[in-house]
Amino acid sequence: MALLSFSRSFTLLSSPFHFFSPRSIRRRRSFVCSLSAATDVRSRSAVLWFKHDLRLDDHPALSAADTHRFVLPLYVFDRRILSRYSDDMLELLLFALEDLRKSLKEQGSNLMIRYGCAENVIKELVKEVKATDVFIEEEVEYEMRQLIGVVKKTLETSSSLDWNLDIVMWRTPFYDVKNLKELPASYNDFKKQKLLPTSPLFPVTLPVAETELDWGPLPTFSDLKEFIKEKLGKSKESWNLMKEMPAEVLLKENLSKSSGTIPKSLNDKSIEQRRLDKSVFVTRKGDIVGGGTNTLLNALAAYLRYLEGTAREDWQEVHERLRNAETREGASFTSLFGPALCLGIISRRRVHYEAIKYEKERNAGFLSPFGYSAASVAAAADAVCSMEWFWLLALKSQVSNEGLYSIRIWRWRGHLIQYTVVGLEGPAILLVHGFGAFLEHYRDNINAIAEHGNHVWGITLLGFGQSEKPNVVYTELLWAEMLRDFIIEVVGEPVHLVGNSIGGYFVSIVASLWPSLVKSVILMNTAGNVIPEFSSHRFPIERQTSAAARLGAQLLLFYLRLNIRNTLKNFYPTKTNRADDWLINEMLRAVSSLLFEFQDHSYDPGVTVVLESIFSFDLSIPLNNLLEGYEEKVLILQGMKDPLLDSKAKLAMLKEHCTGLAIRELDAGHCPHDEQPQKVNSIVCEWVVAVERKLTANSY
């Protein structure tokens with residue numbers, strides 16, 4: 001991918017989308033991504049569309065646009081974008097826009113606020129101000145890329161625009177990556193290139209705005225919520241409400257009802273915390289940093305200087321929240337600053353720049369080769385480097401056609417998640433992999449099941465494969481909430497849930513807590529137990545990883561590194577050839593990444609955190625409890641030669657204590673879908689047809 005250099009030391013990307021064909025779009029109008037040195041930019045005007053770049057600091061597009069005669073900064077309240085945000089993110093958005101408008105006004109400019117479909121709004125504004133350039137930030141999320149494609153198509157085909165219009169795609173380059181298609185697959189190989197982070201840009205002053213324009217009002221939070229709901233149906237609105245209730249609360253309520261006890265608070269700590277009049281924790285929950293860029297920079301300075309102590313009340317407040325959010329070493333940074341980074345209130349490379357600058361201040365201008373001198377510096381620098389790596393991987397997956405399936409990207413709670421979909425119609429089926437796997441583990445299932453008239457989705461869970469691996473405490477409930485939100489936000493209709501191994505336990509939780517999202521459940525060698533007369537469960541007040549978990553993860557890694565080939569072949573006892581070089585190499589790469597991260601942090605960032613979760617999983621809620629109410633809607637596919645458990649004993653318990661189950665025994669090991677794909681595909685398709693027939697009959 002070509003990078004176009006500008007005199008102010010920033011880069012813009014040309015043709016970032018494979019469906020942007022410069023040859024085809026030049027038929028009617030010039031849609032190029034460059035500014036020729038010979039062009040008289042002082043005669044040009046521009047529209048700059050803000051989305052996830054709500055700042056003036058370190059903004060390459062603003063640095064390019066400030067040479068124009070006129071620049072129109074624009075934010076569009078588009079329901080397609082806003083519907084993806086939680087209430088906290090909406091609050092954060094409003095505070096950021098308020099500060100952005102204030103900062104622009106101080107320069108003599110302003111921020112235009114509009115409501116509606118971005119493509120229509122931008123087209124009308126381009127026409128009104130006779131814009132010659134439209135600046136749009138690069139995105140990696142599938143839905144956002146589709147939206148940008150619609151904007152581009154609308155401008156391209158508009159008969160009312162009879163002058164040359166340039167669409168300038170840009171991004172903030174953390175590293176100077178010359179060609180994304182040549183990006184190494186492993187973080188280790190990427191680190192060997194020794195690319196240094198680029199320096200952030202300082203704010204520029206835009207030309208004075210044309211005051212006769214109608215700049216539009218910012219909404220209140222309640223007005224914004226009403227605006228988003230206007231086009232939602234009742235079912236969609238009720239589905240969105242599900243996302244506001246944590247899984248742990250629902251589980252506690254359900255178990256309390258069945259046992260006849262009164263639920264207690266999930267957390268002994270009071271949720272009310274000391275708040276300053278000018279707190280940087282601007283949302284109602286008060287647990288994430290918000291405001292404008294300068295506010296974020298002040299909070300970042302406080303965070304980095306945690307070890308120094310302070311008499312400043314605003315910094316003391318940051319330190320207090322840091323301690324509360326430190327569920328594991330370094331986790332507080334993503335918890336406090338992650339949402340603001342997602343909205344682009346501050347850039348990743350600005351965070352890195354400030355962290356390294358402070359580290360040098362602490363060490364007389366030097367950086368130690370043995371690591372950072374403060375845990376807060378390590379947390380901030382490691383987090384943004386990790387975010388950038390997974391952003392590059394995600395972008396590469398969008399501009400290249402590598403892999404078994406076409407990869408799409410979904411952003412969940414600020415993190416980038418890989419998924420795929422095959423088939424345009426038919427019943428929706430969601431395939432969920434097991435621990436250590438990824439969506440391609442269904443390599444011979446997705447297409448085959450889709451060919452039988454189904455709409456098949458595959459997802460790589462947070463922390464696995466090439467999905468992002470943030471520094472968080474991973475739990476079975478976290479992954480269940482992720483699947484819930486994926487069904488609501490991406491699939492958009494009830495699904496047949498298919499899960500293998502621990503993925504089977506995750507889908508069982510989803511089915512139990514959110515039954516309106518699930519048509520049926522198919523469990524393949526699922527994790528989880530059967531406990532007769534189960535009635536109550538004690539939840540830990542707070543999940544945290546321990547030194548024992550870290551040690552256990554290291555020991556497990558050494559074992560796997562030495563025995564991965566034999567272990568995989570044991571999982572495929574009837575067809576050991578299915579544990580082929582492709583699968584072994586994929587697993588080896590993952591295990592090598594895990595192993596060597598302990599030694600030199602040179603492999604995929606975040607993988608050790610995920611592995612530690614094995615030692616903190618809570619699988620004590622039994623399957624017979626989770627599957628209550630799913631009579632004749634649960635299919636058990638059991639590989640009878642599973643080396644991890646006694647399949648006969650487990651099936652006996654399921655038959656005795658779970659009513660209405662359908663059970664199929666297979667001559668396979670732990671991964672029957674990959675060992676016997678044709679047989680499993682046939683059973684799944686027959687099952688879905690039967691369930692759909694019953695659902696249709698019941699609806700009449």
Side-chain angles (χ1 to χ4, degrees), residues 16-19 51-52 78-86 88-89 137-150 236 239-240 242-243 334 338-339 341-344 386-400 403-424 428-433 437-442 446 455-470 472 474 478-495 497-499 503 506-507 510 514 517 606 610:
F17 307 111
H18 64 274
F19 50 82
K51 302 187 308 298
H52 299 119
D78 189 316
R79 293 183 182 89
R80 292 167 293 183
I81 299 176
L82 300 173
S83 61
R84 300 153 44 247
Y85 292 166
S86 65
D88 282 348
M89 287 292 282
E137 186 187 20
E138 175 98 59
E139 299 278 1
V140 295
E141 299 166 71
Y142 175 77
E143 295 297 336
M144 288 301 300
R145 292 172 72 84
Q146 292 295 104
L147 175 56
I148 292 172
V150 171
K236 183 69 173 178
W239 276 27
N240 283 339
M242 294 182 196
K243 298 190 296 182
T334 300
L341 281 161
C342 184
L343 288 175
S386 175
M387 291 175 188
E388 182 67 16
W389 165 245
F390 287 108
W391 192 90
L392 288 171
L393 282 180
L395 187 57
K396 179 185 177 182
S397 72
Q398 302 307 291
V399 301
S400 63
L404 298 175
Y405 298 102
S406 175
I407 296 298
R408 297 181 180 182
I409 302 297
W410 170 54
R411 189 181 291 274
W412 183 66
R413 298 183 180 177
H415 310 303
L416 301 175
I417 307 299
Q418 286 196 344
Y419 72 97
T420 193
V421 57
V422 178
L424 299 177
I429 302 174
L430 175 57
L431 306 177
V432 182
H433 61 78
F438 29 79
L439 70 86
E440 290 89 353
H441 199 206
Y442 288 100
I446 295 176
H455 200 189
V456 183
W457 303 78
I459 187 171
T460 297
L461 297 172
L462 185 76
F464 297 107
Q466 291 191 3
S467 287
E468 196 163 344
K469 301 172 179 64
V472 299
Y474 291 86
L478 177 78
W479 279 305
E481 290 175 347
M482 176 190 167
L483 292 173
R484 172 202 65 192
D485 293 352
F486 183 78
I487 297 170
I488 292 172
E489 295 182 19
V490 182
V491 181
E493 62 177 310
V495 300
L497 277 173
V498 182
F506 298 159
V507 304
V510 174
W514 304 286
L517 303 180
V610 184

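FYI, side chains are in, hydrogens and waters are out, and symmetry mates aren't considered; it's all heavy atoms of this structure. In this chain, numbering begins with 1 at the start of the sequence shown.
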What distance do [X] atom [atom1] and [Y] atom [atom2] have between them, rounded to the nearest 0.5 Å?
{"X": "Phe390", "Y": "His415", "atom1": "CZ", "atom2": "NE2", "answer": "11.0 Å"}
{"X": "Leu462", "Y": "Trp410", "atom1": "CG", "atom2": "CH2", "answer": "9.0 Å"}
{"X": "Ser406", "Y": "Tyr419", "atom1": "OG", "atom2": "OH", "answer": "9.5 Å"}
{"X": "Asn240", "Y": "Ser86", "atom1": "CG", "atom2": "OG", "answer": "11.5 Å"}
{"X": "Lys243", "Y": "Ile488", "atom1": "NZ", "atom2": "CD1", "answer": "6.0 Å"}
{"X": "Leu393", "Y": "Gln466", "atom1": "CG", "atom2": "CD", "answer": "5.0 Å"}

Got a donor-acceptor contact below 3.5 angstrom from the [X] side chain to the [Y] backbone?
{"X": "Gln398", "Y": "Ile407", "answer": "yes"}
{"X": "Thr460", "Y": "Ser467", "answer": "no"}
{"X": "His433", "Y": "Leu461", "answer": "yes"}
{"X": "Trp479", "Y": "Tyr474", "answer": "no"}
{"X": "His455", "Y": "Gly423", "answer": "yes"}

Who passes side chain to side chain donor-acceptor pair (under 3.5 Å) against [X], sequence neighbours left out?
{"X": "Tyr142", "answer": "Arg408"}
{"X": "Arg484", "answer": "none"}
{"X": "Glu481", "answer": "Arg413"}
{"X": "Glu141", "answer": "Arg84, Arg411"}

Report yes if the side chains of [X] and [Y] come closer than 4.5 Å at any heavy-atom pair, otherwise no.
{"X": "Trp389", "Y": "Lys469", "answer": "no"}
{"X": "Pro339", "Y": "Tyr85", "answer": "no"}
{"X": "Val498", "Y": "Val507", "answer": "no"}
{"X": "Ser397", "Y": "Gln418", "answer": "yes"}
{"X": "Val490", "Y": "Trp457", "answer": "yes"}
{"X": "Ile459", "Y": "Leu483", "answer": "yes"}
{"X": "Leu147", "Y": "Asp78", "answer": "yes"}

Compare every heavy atom of [Y] with every heavy atom of [X], then report the nearest pair and how far apart it is.
{"X": "Pro494", "Y": "Ala428", "value": "O-CB, 3.9 Å"}
{"X": "Val510", "Y": "Ala480", "value": "CG2-O, 3.5 Å"}
{"X": "Val140", "Y": "Arg145", "value": "O-CD, 3.6 Å"}

Notebook entry, point to check: With Tyr405, which residues qualify under ring pair (Phe, Tyr, Trp, His ring centres under 6.0 Å), at least two apart?
Noted result: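 Applying ring pair (Phe, Tyr, Trp, His ring centres under 6.0 Å) to Tyr405 gives none.
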Note to self: As a quick check of understanding, evaluate side-chain contact (heavy atoms from CB on, under 4.5 Å) for Trp412 and Asp485, giving each step before the final call.
What the structure shows: CA-CA 8 Å; Trp412 183 66; Asp485 293 352; 2.7 Å; yes
Notebook entry, point to check: Got a sec, which residues hit side chain to side chain contact (heavy atoms under 4.5 Å, CB included) with Lys51, two or more places apart in sequence or on another chain?
Noted result: Trp49, Asp53, Ile136, Glu137, Glu139, Met144, Ile148
Next item on the list: Evaluate side-chain contact (heavy atoms from CB on, under 4.5 Å) for Leu439 paired with Leu431, printing each intermediate quantity in order.
Entry: CA-CA 8 Å; Leu439 70 86; Leu431 306 177; over 6 Å; no
Margin query: Using the side-chain contact (heavy atoms from CB on, under 4.5 Å) definition, which of the options Ile429, Val456, Val421 pairs with Ile446?
Written below: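 Single pass found, and it is Val456.
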Item checked: Test log, rule side-chain contact (heavy atoms from CB on, under 4.5 Å), inputs Phe486 and Ile417 -> CA-CA 10 Å; Phe486 183 78; Ile417 307 299; 5.9 Å; no
Next item on the list: Please report the C-alpha distance between Glu489 and Glu143 in whole Å, then the side-chain angles of each, then the deciding distance to 0.1 Å, and finally whether the side-chain contact (heavy atoms from CB on, under 4.5 Å) criterion is met.
Entry: CA-CA 10 Å; Glu489 295 182 19; Glu143 295 297 336; over 6 Å; no
